[in-house]
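Okay, structure first, notes after.
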Amino acid sequence: MAAAGLRRLRRALAAAFGSAAAAGGGRPLPPEKLTVRRQAGGVRNIILNNPGKRNALSLSMLRSLREDLLHDVKSKDLRVIVISAEGPVFCSGHDLKELSSEDDVKHHSEVFEICAEVMTLIQKLPVPVIAKVNGLATAAGCQLVASCDIAVASEKSQFATPGVNIGLFCSTPAVALGRSLPRKVALEMLFTGKPLSAQEALMHGLVSKVVPEDKLEEETMKISHKICESSKSVLALGKATFYRQMTQDLDTAYRMTTQVMVDNLTLRDGQEGIEAFIQKRKPVWSHSQDEKK
């Protein structure tokens, strides 16, 4: 009886595995995506989803993040992007296994080039990007936080660039850090690898807000929903102009932004907002870059 039951079980298992192989055409399953993308109410949540590897920015993770950032980015339904992470580490930076001598210079170059592309892409997107940090952000993970337009962190979060301690100076993270922090604060982080606490990061301008862990989601969504109340086209113009003028001298910046203000007034939403204010009503945004006729 026992032997007959065992034979039936083996036949059933064989049939099940055979059916699965046939359904997949004998092909291996595609690798699991390292980010999760969800969107509702104008807010896209991109979750770094490889906690077992401390959400390292491997080549695969960077490609997945880039794909999620760019997906249908011109849609009027997309108004703000939030980047968060699963697990106790927000992001540990590059996957050091990809930077060993086993890989050639071409591979190493690709890793850093795609990383730089993703970081600059964040600031080129037509919608605000918010980092929602709940844990440790180191090296390129700290760079990711610094590259976002807004960063909200829990009280337990920490930020560090410890590459110097393993013989790989955080030169590319230094680009974002040097543009977010006072020079001497950034250099102390880079030279020592010592972490900043969440409150220190707030004090020096690396993050926008620090809240208790149980309030992190609420505060991030509060900011996101407030952004969603505005015109996408006006926000896109404003964000692009802000980053452009930051690289200019004072006189050039004022000349450029003066023209942008004039251009803003020609937008349909530029006029709609002023008319709504005068008429004491809520504006009805088109989110279009069309000019007012």
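Numbers here simply count residues along the sequence, with the first being 1. Computed from a prediction, not measured in an experiment: that's the story for all the values here.
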Heavy-atom check, side chain of H94 versus side chain of F112, under 4.5 Å | yes
Assess whether salt bridge (Lys or Arg N to Asp or Glu O under 4.0 Å) is satisfied between R44 and D68, documenting all intermediate values.
-> CA-CA 9 Å; R44 175 175 300 168; D68 286 344; over 6 Å; no
Main-chain N/O of M221 paired with H225 side-chain donor or acceptor, under 3.5 Å | yes
Are side-chain heavy atoms of I83 and I130 found at a separation under 4.5 Å?
-> no
Any chance you could measure Q143, atom CD, to I122, atom CD1, to the nearest 0.5 Å?
-> 9.0 Å
Does the side chain of I274 reach to within under 4.5 Å of the side chain of L265, using non-hydrogen atoms?
-> yes
May I ask you to say whether R281 pairs ionically with E272, meaning some side-chain N is under 4.0 Å from a carboxylate O?
-> yes
State whether E219 and K132 are salt-bridged, where the test is any N-O pair (Lys NZ or Arg NE/NH1/NH2 against Asp/Glu carboxylate O) under 4.0 Å.
-> no
Are side-chain heavy atoms of E213 and L216 found at a separation under 4.5 Å?
-> no
With no hydrogens and no angle check, is any side-chain donor or acceptor of N55 less than 3.5 Å from a backbone partner on V89?
-> yes
Find out whether V111 and I114 are in side-chain contact, i.e. whether some heavy atom of one side chain is under 4.5 Å from a heavy atom of the other.
-> no
Check for a donor-acceptor pair, side chain of Q279 on one end and backbone N or O of A276 on the other, with a separation under 3.5 Å.
-> no
Any donor-acceptor pair under 3.5 Å linking the side chain of S157 with the backbone of S154?
-> yes
S64 (side chain) donor-acceptor with S60 (main chain) under 3.5 angstrom | no
Take K215 and E155 through the test salt bridge (Lys or Arg N to Asp or Glu O under 4.0 Å) and record every step on the way to the result.
-> CA-CA 10 Å; K215 298 291 185 182; E155 292 171 334; over 6 Å; no
Do L69 and I46 have side-chain heavy atoms sitting under 4.5 Å apart?
-> yes
Heavy-atom check, side chain of M189 versus side chain of K194, under 4.5 Å | no
Side-chain touch L177/L206, heavy atoms, less than 4.5 angstrom = yes
Ion pair check, E229 and R79, cut-off under 4.0 Å | no
D77 side chain vs G42 backbone, donor-acceptor pair below 3.5 Å = no
Could you tell me whether a side-chain N or O of H287 sits under 3.5 Å from a main-chain N or O of K232, the two making a donor and an acceptor?
-> yes
Value rounded to 0.5 Å, distance of CD in E98 from CG in L62 | 8.0 Å
Go through the steps for C228 and V80 under the test side chain to side chain contact (heavy atoms under 4.5 Å, CB included), then give the verdict.
-> CA-CA 7 Å; C228 288; V80 62; 4.1 Å; yes
